[in-house]
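Worksheet: one structure, shown below.
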Number of protein chains: 2
Amino acid sequence: MAPQEHGDKSKQMNTKEKIILASLDLFNENGERNVTTNHIAAHLGISPGNLYYHFRNKTDIIYEIFLQYQMLVDHYLQAPTGRQLTVEDQFAYLEAVFDGLWSYRFFHRELEHYLESDPRLRDGYQSFTQRCLESICSILERLEKASILKPQSEDDRRTFALNAWLIVTSWMSYLKTAAGSDAHLIRKETLKQGIYQVVSLELPFVNESVLDKVQRLRQAYRPSI
Amino acid sequence: MAPQEHGDKSKQMNTKEKIILASLDLFNENGERNVTTNHIAAHLGISPGNLYYHFRNKTDIIYEIFLQYQMLVDHYLQAPTGRQLTVEDQFAYLEAVFDGLWSYRFFHRELEHYLESDPRLRDGYQSFTQRCLESICSILERLEKASILKPQSEDDRRTFALNAWLIVTSWMSYLKTAAGSDAHLIRKETLKQGIYQVVSLELPFVNESVLDKVQRLRQAYRPSI
DNA sequence: AACAATCTAGAGTATATACTCTAACTCATA
DNA sequence: TATGAGTTAGAGTATATACTCTAGATTGTT
């Protein structure tokens with residue numbers, strides 16, 4: 001009788017949490033534009049009235065999902081290791097980020113529309129991006145200190161971080177629109193092929209001593225097409 | 001009394017062309033999701049019936065706009081110079097592409113949704129992208145032959161072209177969502193700051209002999225923030 | 001002038017969707 | 001057991017929007 005697919009957890013969740021999870025699932029699967037509040041309620045087997053008891057409107061649902069997304073990515077990017085970074089660390093960062101991107105993959109799709117209709121989200125997302133760019137910069141710095149990347153100027157680092165961010169956040173859209181794959185056939189593994197692109201970006205700045213290693217690890221993510 | 005802002009041209013245009021132009025303007029300005037067919041008709045001072053005499057549905061309007069966009073970009077990218085490429089040529093290519101991107105800036109915003117609801121567009125856009133990537137690759141090849149870029153393997157060239165494409169097509173979205181600027185304050189010049197990012201991408205592959213020149217030209221597009 | 005093809009007006013419709021309202025149920029605690 | 005806060009059901013509403021239908025206007029051709 002459990003109308004949602006979140007298995008064991010759902011028994012311990014309250015309605016509000018269930019709504020958020022179901023919405024995320026449906027948004028990811030069908031695109032937010034195609035998912036109505038009535039759909040969400042029906043999917044959970046609850047009434048629209050119940051849904052609107054917990055959320056004033058649809059935008060509020062999206063906002064709460066954003067807060068979770070933000071927390072996740074912040075956590076991934078800010079996690080300090082307490083030691084010198086390794087090449088493996090760097091791939092782990094990328095894996096983590098693409099993992100988060102996958103779990104909330106609906107978000108970047110109609111982002112502009114959300115920001116237009118919710119000032120909280122607009123401000124929140126703006127500082128979120130800046131924070132991410134900062135984090136990427138400091139990771140780059142630590143990679144330089146660990147002699148993995150060649151030293152760069154602060155400016156070049158920022159430009160590089162931005163390019164990496166652009167590639168990461170647009171990779172999903174590229175797969176869905178330009179690549180041959182059918183929209184529903186994109187799997188988490190396919191998404192992670194974006195790692196290949198990002199690593200390619202930094203290849204010219206990798207120190208000779210670890211270049212072979214980086215290139216070997218990079219091959220694992222090589223896009224199949 | 002002229003309801004559209006296309007000046008002189010409009011007098012010689014038939015209704016169908018007027019609808020396309022007005023739609024493009026309104027889509028660019030307000031986002032396609034916020035522009036209804038009734039809005040378009042009202043904006044032109046024609047009846048909805050008239051609009052639907054010329055277009056079976058809204059998707060058809062978008063499709064025709066795509067065809068124009070496609071023609072424009074194809075033309076920009078495939079234009080051969082008949083001589084060896086120069087550094088200036090390369091910046092001209094970038095200028096042209098960003099120009100096209102600006103004129104049809106609504107398009108990439110809800111692209112996924114369009115492709116979902118129009119198979120023609122899906123197939124058309126997919127081959128359009130592949131064609132663009134091919135064109136970029138051949139431009140890169142010619143830049144190598146002109147000793148502007150260091151020689152690369154076919155594979156590396158493809159990867160590089162894809163990264164460039166990702167940055168180009170996502171720059172507008174970045175400006176609207178993450179950068180401090182207000183959505184309506186983005187001008188064509190701001191968009192062209194994306195050129196800075198793309199050129200930064202290729203900097204490691206630029207031959208010493210022209211490096212200074214490239215860097216000097218690049219400075220003109222440096223993002224203000 | 002007569003006719004047909006093309007074009008246009010504008011009221012109208014079917015449907016979707018975000019959201020509301022009230023009554024009723026649950027359940028812990030006094 | 002009574003009370004009351006918190007929660008839920010479900011019918012219902014207001015509005016938007018893509019699109020239709022028919023009657024009439026315009027235009028070009030013989």
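Order of the sequence lines fixes the chain letters, A, B, ..., with proteins taken first and strands second; residue numbering starts at 1 for each chain. Source: prediction; values computed, not measured.
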Next on the checklist: With a 4.0 Å cut-off on N to O distance, would you call Lys192(A) and Glu95(A) a salt bridge?
Outcome noted: yes
Checklist outcome for this item: Nucleotide by nucleotide, nucleotides 6-13 of chain D touches protein heavy atoms under 4.0 Å in the pattern (B base, S sugar-phosphate only, - none) SBBBB---
Item to check | CA sep, side-chain torsions, deciding dist, call: Lys16(B), Glu64(B), salt bridge (Lys or Arg N to Asp or Glu O under 4.0 Å) | outcome: CA-CA 10 Å; Lys16(B) 187 164 184 177; Glu64(B) 296 249 351; 3.8 Å; yes
Checklist outcome for this item: To the nearest 0.5 Å, atom CD1 of Ile62(B) lies from atom CG of Leu24(B) at 11.0 Å
Item to check | Considering all heavy atoms, the nearest Leu201(B)-Phe160(B) contact | outcome: O-CE1, 3.6 Å
Checklist entry - Quick one: is the NZ or CZ of Lys188(B) closer than 6.0 Å to the six-membered ring centre of Phe98(B), and within 45° of its axis? => result no
Next on the checklist: Ignoring hydrogens and geometry beyond distance, is a side-chain donor-acceptor pair present between Gln152(B) and Glu141(B) at under 3.5 Å?
Outcome noted: no
Checklist entry - Within this structure, what is the CD1-to-P distance between Ile40(B) and dG10(C), rounded to whole angstrom? => result 18 Å
Checklist outcome for this item: Winner on side-chain proximity to Thr37(A), out of dT17(D), dC19(D), dA18(C), is dA18(C)
Next on the checklist: Using OP1 and OP2 only, check whether a side-chain N or O of Tyr52(A) sits under 4.0 Å from dC19(C).
Outcome noted: yes
Checklist entry - In residues 61-69 of chain A, what residues come within less than 4.0 Å of DNA chain D, judged by heavy atoms? => result none
Checklist entry - Looking at Arg109(A) and Glu110(B), does any basic side-chain N land under 4.0 Å from a carboxylate oxygen? => result no
Item to check | Closest contact, heavy atoms only, Ile40(B) versus Ile61(B) | outcome: CD1-CD1, 4.5 Å
Checklist entry - Looking at Tyr63(A) and Arg120(A), what are the two nearest heavy atoms and their distance? => result CD2-NH1, 3.4 Å
Checklist entry - How many Å lie between CD1 on Ile19(B) and P on dC19(D), as a whole number? => result 13 Å
Checklist entry - Could you give the angle between the helix axes at the two ends of the helix from dA1(C)-dT30(D) to dA30(C)-dT1(D), with five pairs per end, rounded to 10 degrees? => result 10°
Checklist entry - Can you check the Leu44(B) CG to dT8(C) C1' distance for me, whole Å? => result 13 Å
Next on the checklist: Measure NZ/Lys18(B) against C1'/dC7(C) and give the value in whole Å, please.
Outcome noted: 12 Å
Next on the checklist: Tell me whether the rings of Tyr114(A) and Phe106(A) are parallel (<30°), tilted (30 to 60°) or perpendicular (>60°).
Outcome noted: tilted
Checklist entry - In whole Å, what is the span from the CG atom of Asn57(B) to the P atom of dT17(D)? => result 17 Å
Item to check | Aromatic plane relationship, Phe66(B) with Phe128(B) - under 30° parallel, 30 to 60° tilted, over 60° perpendicular | outcome: perpendicular
Checklist entry - Starting at NE2 of His39(B) and ending at C1' of dC19(D), how long is that distance when rounded to a whole Å? => result 15 Å
Checklist entry - Can you tell me how far C1' of dC21(D) sits from CG of Leu51(B), to the nearest Å? => result 16 Å
Checklist entry - How long is the line joining CZ of Arg33(B) and P of dA16(C), in whole Å? => result 17 Å
